[in-house]
Amino acid sequence: METAQASSSTPAPTEAIDEKAAKLELEAQELAKYNAYVDLNNALTGRLQDVLNDYFEEFGYEAKPVIDKYFSATMLSLSESGEKTMQTAFAAAADKPSFGKLDAQVSLLEPLLTELLAALAEAHEYYEIKGYVDDQFAGSKTMHTRIVKAAAAYEEASGEFFSLLGEMEDERTRNSLKEYKEKGQDLNYTVMLFLLDAEGLATEMDDQGILADNILELDMAKFKAKYAVLTEDLKLLMEYAADETRVVSEGFSSYSLEGYVDAAKKVKVSGAEIIERVNKKQRVDDFDLKSSFFRELESGTPENFSKSLSELIAQYNQLQ
């Protein structure tokens, strides 16, 4: 009876092929949706954050905008490709397969982002054509109130989105690392592991609340422990990347991999410069602290490290 049951449940060849095709299609849909959300994450933490930093550094976070006596400024704006990325992610929220809470959070983000982008676009045009000359900054005050409110609502909702996407990313990463290890794909494994090392260093500084302002308060024991792991994994990455046979067998483009390794070296250097700064007890100049742009340019700062990490992530995405 058991044998007959097993025999009758065995799918015919055509059924097996159909099932495999359906599975591959579902995996492709899942990957496309996941990538849409990753692209959204990158747009929000990248250019949109730059636009917000630029605005609030100029006008402040208070209810009324700070207007200097000799005011003369323009605003950054979000690119057309950035807005397209967001629209793609919003559309993906309704697509299969379902990502549960993550889909719901993206749908919640849509109207909040739409309002924030509209407010920022209005302000960008206003300052670009120097509308403040015509109305003695009356429009500036109105738009500032709108931007502060929209940014606050966006920040709350986006924080939950980042958290939920991070959980999904962690699960996918664990599965990928396990698969690479089982298949003996040491280069793929180390490429991903180094990225996790770099993110771990950034997280350590974030958990300690360390920025350029208080860099000398960094707990060096915790930082150097993770930096040491990153350094050792960089050595392995460089060793495996120099093996041309391995590079080809594991499906890498030599050109793209070279870009990733170069970015990895810069991340390591950026971490080393933080250690140097703290060892020398060298504070960041007050002038550089006034601008996120100068914070990123200044060596030995968490902001500079984050910039290097962003470049590493961009190179990693080109490997896919």
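All values below were derived from every heavy atom in this structure, side-chain atoms included, with hydrogens, water molecules and symmetry-related copies excluded. This chain uses plain numbering: 1 for the first residue, then up along the sequence.
Rounded to the nearest 0.5 angstrom, Tyr316 OH and Leu257 CG are separated by 12.0 Å. Between the CG atom of Leu312 and the CG atom of Asp262 there is a distance of 11.0 Å, given to the nearest 0.5 Å. Once rounded to the nearest 0.5 Å, the distance linking CG of Leu48 with CG of Leu40 reads 9.5 Å. In this structure, CD on Gln282 lies 7.0 Å from OG on Ser299, to the nearest 0.5 angstrom. The structure places CD1 of Ile147 at 8.5 Å from CG of Leu52, a figure rounded to the nearest 0.5 Å. Separating the CG atom in Leu237 from the NZ atom in Lys265 is a distance of 9.0 Å, to the nearest 0.5 Å.
A pairwise comparison of heavy atoms in Glu298 and Arg277 identifies OE2-NH2, 2.8 Å as the closest pair. Closest non-hydrogen pair, Tyr260 versus Val191, comes out as OH-O, 2.6 Å. Across every non-hydrogen atom of Leu187 and Ala241, the tightest pair is CD1-N, 4.0 Å. Shown here for Leu309 and Ala202, the closest heavy-atom pair between the two residues is CD2-CB, 3.8 Å. Nearest approach of Val106 to Ala89, heavy atoms of both residues: CG1-O, 3.8 Å. Closest of all the heavy-atom pairs between Tyr34 and Met168 is CD1-SD, 3.6 Å.
The neighbour count for Arg172 CZ, taken as heavy atoms of other residues, nucleotides or ligands under 6.0 Å away, is above 12. Atom CZ of Phe293 has 12 or fewer heavy atoms from other residues, nucleotides or ligands within 6.0 Å. Atom CD of Gln29 has more than 12 heavy atoms from other residues, nucleotides or ligands within 6.0 Å. Heavy-atom neighbours of Glu156 CD from other residues, nucleotides or ligands within 6.0 Å: at or below the threshold of 12.
The hydrophobic clustering, which links ILVMFWY residues whose side-chain heavy atoms are closer than 4.5 Å, places Phe162 and Leu116 together. Taken together through direct or relayed side-chain contacts under 4.5 Å among Ile, Leu, Val, Met, Phe, Trp and Tyr, Leu201 and Ile313 form part of one hydrophobic cluster. Leu31 and Leu102 are not part of a single hydrophobic cluster, where members link through side-chain heavy atoms under 4.5 Å apart. Under a hydrophobic clustering in which Ile, Leu, Val, Met, Phe, Trp and Tyr are joined whenever their side-chain heavy atoms come within less than 4.5 Å, directly or via other members, Phe90 and Leu78 fall into the same cluster. Follow the hydrophobic side-chain contacts under 4.5 Å out from Val261 and you never reach Tyr255; the two are in separate clusters.
Contact of the Asp213 side chain with the Arg295 side chain is registered, since non-hydrogen atoms from C-beta on lie closer than 4.5 Å. A 4.5 Å side-chain heavy-atom check between Val278 and Ile215 finds at least one atom pair inside the cut-off. Between Ile67 and Phe59, the closest side-chain pair of non-hydrogen atoms falls below 4.5 Å. Counting only heavy atoms from C-beta outward, the side chains of Phe161 and Leu108 never approach each other to under 4.5 Å. The side-chain heavy atoms of Val267 and Asp197, taken from C-beta on, include no pair separated by under 4.5 Å. Using a 4.5 Å heavy-atom threshold, the side chains of Asp288 and Leu297 count as separate. At least one side-chain heavy atom of Tyr127 sits less than 4.5 Å from a side-chain heavy atom of Ser140. Residues Glu58 and Met75 form no side-chain contact, since every pair of their non-hydrogen atoms from C-beta on lies 4.5 Å or further apart.
Side chains of Asn53 and Gln49: a donor on one and an acceptor on the other come within 3.5 Å. There is no side-chain donor-acceptor pair under 3.5 Å between Glu83 and Gln87. A donor-acceptor contact closer than 3.5 angstrom is absent between the side chains of Asp50 and Tyr55. Between the side chains of Thr190 and Tyr180, not a single donor N or O lies within less than 3.5 Å of an accepting N or O. Inspection of the Asn304 and Ser270 side chains reveals an N or O donor paired with an N or O acceptor under 3.5 Å. No side-chain N or O of Ser306 forms a donor-acceptor pair with one of Glu296 less than 3.5 Å apart. Counting only N and O atoms by type, the side chains of Lys130 and Tyr132 include a donor and acceptor under 3.5 Å apart.
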Quiz item: Do Glu115 and Arg146 pass the salt bridge (charged side-chain N to carboxylate O under 4.0 Å, His left out) test, and can you show the C-alpha distance, the side-chain angles, and the key distance before you say yes or no?
Solution: CA-CA 9 Å; Glu115 166 60 13; Arg146 183 184 179 190; 2.8 Å; yes
Quiz item: Please walk me through it: do Leu211 and Thr301 pass side-chain contact (heavy atoms from CB on, under 4.5 Å)?
Solution: CA-CA 7 Å; Leu211 297 168; Thr301 65; over 6 Å; no
Quiz item: What do the steps show when you test Phe99 against Glu30 for side-chain contact (heavy atoms from CB on, under 4.5 Å), and what is the final call?
Solution: CA-CA 9 Å; Phe99 286 179; Glu30 180 181 356; 3.9 Å; yes
Self-check item: Stepwise salt bridge (charged side-chain N to carboxylate O under 4.0 Å, His left out) test for Lys235 and Glu232
Solution: CA-CA 5 Å; Lys235 292 178 183 177; Glu232 289 304 310; 3.2 Å; yes
Practice problem: May I have the step-by-step check of ring pair (Phe, Tyr, Trp, His ring centres under 6.0 Å) for Phe71 and Phe137, ending in yes or no? | Solution: CA-CA 10 Å; Phe71 176 85; Phe137 292 98; 5.5 Å; yes
Exercise. Please assess Gln315 against Ser256 for the test side-chain contact (heavy atoms from CB on, under 4.5 Å), listing each intermediate value before the final yes or no.
Key: CA-CA 7 Å; Gln315 289 294 333; Ser256 297; 5.9 Å; no
Exercise. Evaluate the criterion salt bridge (charged side-chain N to carboxylate O under 4.0 Å, His left out) for residue pair Glu311 and Lys307; output intermediate values, then yes/no.
Key: CA-CA 6 Å; Glu311 293 171 358; Lys307 185 173 184 294; 3.1 Å; yes
Practice problem: Could you go through the salt bridge (charged side-chain N to carboxylate O under 4.0 Å, His left out) check for Asp103 and Lys33 one step at a time? | Solution: CA-CA 10 Å; Asp103 289 340; Lys33 185 170 186 174; 2.9 Å; yes
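Side chain of Glu217 to main chain of Ile210: no donor-acceptor pair is present (N/O by atom type, distance under 3.5 Å, no hydrogens or angles). The closest donor-acceptor contact from the side chain of Ser249 to the backbone of Arg246 lies under 3.5 Å. With hydrogens and angles disregarded, no donor-acceptor distance shorter than 3.5 Å links the side chain of Glu276 to the backbone of Gly300. Checked by atom type and distance alone, the side chain of Asp68 never pairs as donor or acceptor with a backbone atom of Tyr70 at under 3.5 Å. Although no hydrogens or angles enter the test, the distance criterion places a donor-acceptor pair under 3.5 Å between the side chain of His144 and the main chain of Glu62. The closest donor-acceptor contact from the side chain of Thr85 to the backbone of Ser81 lies under 3.5 Å. Checking side-chain atoms of Glu122 against main-chain N and O of Met143 turns up no donor-acceptor pair under 3.5 Å. Arg47 contributes a side-chain N or O that, together with a main-chain N or O of Ser77, makes up a donor-acceptor pair within less than 3.5 Å. Although no hydrogens or angles enter the test, the distance criterion places no donor-acceptor pair under 3.5 Å between the side chain of Asp233 and the main chain of Phe194. The backbone N or O of Leu164 lies less than 3.5 Å from no partner atom in the side chain of Gln105, so there is not a single donor-acceptor pair.
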